[in-house]
Protein chains: 2
Amino acid sequence: MMPENSPRSEAGQHAPLEAVEALKALANPARLQIMEWLRDPHTEFAEWEPIADRDEVGVCVSHLQAKSGLAQSTVSSYMTTLERAGLVRSTRIGKWIHYRRDEHAMSRLAGVLHTPS
Amino acid sequence: MMPENSPRSEAGQHAPLEAVEALKALANPARLQIMEWLRDPHTEFAEWEPIADRDEVGVCVSHLQAKSGLAQSTVSSYMTTLERAGLVRSTRIGKWIHYRRDEHAMSRLAGVLHTPS
DNA sequence: TTTTCATATCGTGACATCGCGATATGACAA
DNA sequence: TTGTCATATCGCGATGTCACGATATGAAAA
């Protein structure tokens, strides 16, 4: 049974802080760009030798760094930001940590902005 | 013919700055909350007497201020931020400036995050 | 073990955002 | 014109983000 005098028990009405964190993570040109690259890593990173299947595990930090032109530390912390926001998942393969998009999370976030009628 | 040595002339690949501005505008709990209220202004602002048809012109700053509990200047500048980002449109009715969601803009932004397959 | 190399974390100055009170603007009323 | 009221802009200290170089971590190679 639901607690009787709980304020705003109308679930799903308030702006979720989780969504705000995800939007903050995307509200940066470099991070948004990386997220778009990770939509089709096989095509976008064709000029670098893949360490593992990019459609499965995504792209390693070195290749993200090479394509973006940003400092290594910058790319690393950006990917941490995106992962904390729940927008990417990481997989270690040998020495390389690979990041891939979480399509479900992106889809859910898009739904917060615009619920298709 | 395309200029031969122009860097990244692959159109439509880069993350649009327009989208980044919109995401920045939404990456704040109060502003995101306001955008959600403006999805159904008729219901959300039922306790305040409407100055005009809310489904048409949206909600005036006074009512947004009352519901949010923020300072008047804060709400005003937040709405300016959202309007500059192209996420709301404004209409003056008497002394009251009303803001309503731009659903097309929100839908387009959602599409940047997740293109439905 | 020591070295190498990919990635993460730390520390930084420059700059942006936050939310406010004070004040300006500008439409309407008197 | 003067006053009133809704909204916009200004100025502020506090806090957060930016992108970097330097350094730490930690896995694998030598």
Side-chain angles (χ1 to χ4, degrees), chain A residues 15 17 20-35 38 41 45 48-52 54 57-85 87-100, chain B residues 15 17 20-35 38 41 45 48-52 54 57-85 87-100:
Chain A
L17 285 186
V20 172
E21 289 313 304
L23 290 166
K24 276 191 205 166
L26 294 174
N28 169 281
R31 288 193 299 261
L32 184 58
Q33 175 74 87
I34 287 171
M35 287 303 286
L38 291 182
F45 293 85
W48 291 272
E49 277 307 308
I51 287 146
R54 286 180 172 143
V57 297
V59 180
C60 71
V61 178
S62 319
H63 294 166
L64 291 167
Q65 183 191 350
K67 178 143 181 158
S68 68
L70 293 167
Q72 182 270 324
S73 62
T74 302
V75 177
S76 175
S77 82
Y78 279 10
M79 297 318 294
T80 302
T81 298
L82 289 168
E83 187 170 32
R84 286 216 179 102
L87 301 177
V88 299
R89 311 245 154 221
S90 64
T91 312
R92 158 160 248 144
I93 295 180
K95 305 203 261 192
W96 293 267
I97 296 186
H98 293 245
Y99 289 95
R100 67 184 180 285
Chain B
L17 286 184
V20 172
E21 290 312 305
L23 290 166
K24 277 192 205 165
L26 294 173
N28 169 281
R31 287 193 298 260
L32 183 59
Q33 175 74 87
I34 288 171
M35 287 304 286
L38 292 183
F45 293 85
W48 291 273
E49 277 306 308
I51 287 145
R54 285 178 172 146
V57 299
V59 181
C60 70
V61 178
S62 319
H63 294 165
L64 291 167
Q65 182 191 349
K67 178 142 181 158
S68 67
L70 294 168
Q72 182 270 323
S73 63
T74 302
V75 176
S76 175
S77 83
Y78 279 10
M79 297 319 293
T80 301
T81 298
L82 289 168
E83 187 169 32
R84 286 217 178 101
L87 301 177
V88 299
R89 311 242 154 224
S90 64
T91 311
R92 157 159 248 143
I93 294 179
K95 305 202 263 193
W96 293 268
I97 296 186
H98 293 246
Y99 289 94
R100 67 185 181 284

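Just so it is clear, the structure is predicted and the values come from calculations on it, not from any experiment. Below, read A as the first sequence line, B as the second, and so on, with proteins coming before strands; counting in each chain starts at 1. The basis for the numbers below is simple: all heavy atoms, side chains too, and nothing from hydrogens, waters or symmetry mates.
- Two residues are said to be in side-chain contact when any heavy atoms from C-beta on lie closer than 4.5 Å; M79(B) and L82(B) meet this criterion.
- A side chain to side chain donor-acceptor pair (under 3.5 Å) with H63(B) is found for one member of H98(B), E49(B), R54(B) and no other, namely R54(B).
- Set against dG21(C), dA8(D), dC20(D), the side chain of L70(A) has dC20(D) as its closest nucleotide.
- Shown here for A25(B) and R31(B), the closest heavy-atom pair between the two residues is O-NE, 2.6 Å.
- Residue R92(A) contributes atom CZ, which lies 8 Å from atom C1' of dA6(C) at whole-angstrom precision.
- Within the 4.0 angstrom heavy-atom criterion, only backbone atoms of the sugar-phosphate kind lie near S62(B); the bases stay farther away.
- The shortest distance between the side-chain N/O atoms of Y99(A) and the OP1/OP2 oxygens of dA8(C) is below 4.0 Å.
- At whole-Å resolution of the value, CG in L64(A) and P in dA6(C) are 14 Å apart.
- Between the P atom of dT3(C) and the NZ atom of K95(A) lies a distance of 15 Å, rounded to the nearest Å.
- Residue I93(B) contributes atom CD1, which lies 12 Å from atom P of dC28(C) at whole-angstrom precision.
- Taking atom CE on M79(A) and atom P on dT7(C), their separation rounds to 11 Å, with Å as the unit.
- Side-chain N or O atoms of S76(B) include none that pairs as donor or acceptor with a backbone N or O of Q72(B) at under 3.5 Å.
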Write down the protein N/O and nucleotide N/O pairs, taken from nucleotides 13-18 of chain C, whose separation is under 3.5 Å; answer none if there are no such pairs.
{"unit_1": "dC18(C)", "atom_1": "OP1", "unit_2": "N28(B)", "atom_2": "ND2", "d": "3.1"}
{"unit_1": "dC18(C)", "atom_1": "OP1", "unit_2": "R31(B)", "atom_2": "NH2", "d": "3.0"}
{"unit_1": "dC18(C)", "atom_1": "OP2", "unit_2": "R31(B)", "atom_2": "NH1", "d": "3.0"}
{"unit_1": "dC18(C)", "atom_1": "OP2", "unit_2": "R31(B)", "atom_2": "NH2", "d": "3.4"}

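- Contact detail for E21(B) and A85(B): the closest heavy-atom pair is O-CB, 4.0 Å.
- With rounding to whole Å, Q72(A) atom CD is found 16 Å from dC18(D) atom C1'.
- For Q65(A) and dA6(C), the CD to P distance is 10 Å, given to the nearest whole Å.
- When each of L38(A), L26(A), I34(A) is paired with L87(A), the side chain to side chain contact (heavy atoms under 4.5 Å, CB included) condition holds for L26(A) and for no other.
- With DNA chain D read from its 5' end, the first of the two nearest nucleotides for T74(A) and T80(B) is the one closest to T80(B).
- One finds a side-chain N or O of S76(B) lying less than 4.0 angstrom from the OP1 or OP2 phosphate oxygen of dA8(D).
- Taking the side chain as every heavy atom from C-beta outward, V88(A) and M35(A) approach each other to under 4.5 Å.
- Comparing atom distances between the I97(A) side chain and each of dA8(C), dA6(D), dC5(C) picks out dA8(C) as nearest.
- Position along DNA chain D of the nearest nucleotide to S73(B) versus S73(A) favours S73(B) as the more 5'-ward residue.
- The separation between L82(A) atom CG and dT17(D) atom C1' is 14 Å, rounded to whole Å.
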